[in-house]
Amino acid sequence: MELEPLHQWDLTPKQAVALQRELRERLDPRPPAGLTVERVAGADISMSRGDVWAYGGIVVLDAGTLAPVARSSAAVRLTFPYVPGLLSFRELPVLSEAWTRLEVRPDVLIFDGQGIAHPRRFGLACHGGLLFGVPSIGCAKSLLVGKHGPLGEERGSVADIIHDGEVVGRAVRTRLGVLPVYVSPGHMMDLPTAVELVLRMTSRYREPETTRHAHRLVNDVRRSARGES
DNA sequence: GCGACAG
DNA sequence: ATCTTGTCGC
């Protein structure tokens, strides 16, 4: 897919925080008018213990059958450290390269991390959606900020995530008796649509199939690249 | 100052 | 994220 550079990546953590405050103003909190979701993609990265290489991948699924229809991957040297709140500056360089190599445009892209459920309302899914120009959702396995009340045990049970008095996302039970996932809108997305799509892309496991396919892809690519079995 | 802290 | 052994449950 095409990709217009938004900014440079050679930044200090301090500069990255300032950039987040700038870029958040450009987020669109609404899905595109008449959005029809036929293809949903998942993005993920993988790395080895003491290695500078990161492997990123994107897998596009048919939203009706959950079957993969396209995939892409890339490897890039990591530069930015992991800093809570600045994850996108570590992951997006390699995901950008994978996005460039992707030949089928998804209607929505689901990231493995937060959207607006972030200290500055600009998590990985916000940054990625803005950079790629695609509606995006954050679906994380744990919380970065905020709290939520109890939720029912059945699939589809939800509880609002509150941070600084604002509803920034929802804890969503995707299967009976499993821990919830944490869903928040990224770019060109709202909360009800994000929750509905995460549930639609989830079948027999806790995480959406998009995330699971992307996770498997990047781990396979990493093992091949390092000559493992 | 102390604890929390996506991946 | 990755590293690891054991352990719980269908």
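A, B, ... follow the sequence lines: proteins, then strands. Residue 1 opens every chain.
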K.L.:
Please state how far atom NE2 in His215(A) lies from atom C1' in dA1(C), giving the value in whole angstrom units.
P.N.:
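Result: 8 Å.
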K.L.:
Strictly below 4.0 Å, N to O, side chains only: are Arg173(A) and Glu153(A) in salt-bridge contact?
P.N.:
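Salt bridge present between Arg173(A) and Glu153(A).
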K.L.:
Sugar-phosphate means primed atoms, P, OP1 and OP2; the rest is base. With that split, encode nucleotides 2-7 of chain B 5' to 3' as B, S or - using protein heavy atoms under 4.0 Å.
P.N.:
---BBB
K.L.:
What's the verdict on side-chain contact (heavy atoms from CB on, under 4.5 Å) for Leu23(A) and His7(A), showing C-alpha distance, side-chain angles and the deciding distance?
P.N.:
CA-CA 10 Å; Leu23(A) 294 177; His7(A) 55 77; 3.8 Å; yes
K.L.:
Give a yes or no on whether Glu103(A) atom CD has more than 12 heavy-atom contacts from other residues, nucleotides or ligands under 6.0 Å away.
P.N.:
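Atom CD in Glu103(A) is not crowded, with 12 or fewer foreign heavy atoms closer than 6.0 Å.
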K.L.:
Just do the side-chain contact (heavy atoms from CB on, under 4.5 Å) check on Thr79(A) and Trp9(A) with the steps written out, would you?
P.N.:
CA-CA 9 Å; Thr79(A) 55; Trp9(A) 291 106; 5.9 Å; no
K.L.:
With a 3.5 Å cut-off and no angle check, do the side chains of Ser48(A) and Arg222(A) form a donor-acceptor pair?
P.N.:
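Side chains of Ser48(A) and Arg222(A): pair found under 3.5 Å.
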K.L.:
Applying the side chain to side chain donor-acceptor pair (under 3.5 Å) test to His163(A), which of His148(A), Arg121(A), His118(A) qualifies?
P.N.:
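Testing each of His148(A), Arg121(A), His118(A) against His163(A), the sole residue satisfying side chain to side chain donor-acceptor pair (under 3.5 Å) is Arg121(A).
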K.L.:
Under 4.0 Å between a Lys/Arg side-chain N and an Asp/Glu carboxylate O for Arg120(A) and Glu22(A)?
P.N.:
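No salt bridge links Arg120(A) with Glu22(A).
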K.L.:
Search all heavy atoms of Val94(A) against all heavy atoms of Gly56(A) and return the closest pair with its distance.
P.N.:
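So the two residues come closest at CG2-N, 3.4 Å.
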K.L.:
Would you classify His127(A) as touching base, sugar-phosphate or nothing, given that sugar-phosphate means primed atoms plus P, OP1 and OP2, and contacts are heavy atoms under 4.0 Å?
P.N.:
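Counting heavy atoms under 4.0 Å across all strands, no contact is made by His127(A).
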K.L.:
For DNA chain C, which ranges pair as stems of 3 or more consecutive Watson-Crick or G-U pairs, with both donor-acceptor distances under 3.5 Å?
P.N.:
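Counting only runs of 3 or more consecutive pairs, none involve DNA chain C.
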K.L.:
Would you confirm whether the ring centroid of His127(A) sits within less than 6.0 angstrom of the ring centroid of Phe111(A)?
P.N.:
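They do not qualify: ring centres at least 6.0 Å apart.
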K.L.:
At under 4.0 Å between heavy atoms, how does the protein contact nucleotides 5-10 of chain C? Give one character per nucleotide, 5' to 3', with B, S or -.
P.N.:
------
K.L.:
With a 4.0 Å cut-off, would you call Asp112(A) and Lys141(A) a salt bridge?
P.N.:
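A salt bridge links Asp112(A) with Lys141(A).
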K.L.:
Any side-chain N or O of Asn219(A) less than 4.0 Å from the OP1 or OP2 oxygen of dT2(C)?
P.N.:
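Checking Asn219(A) against dT2(C): at least one side-chain N or O falls below 4.0 Å of OP1 or OP2.
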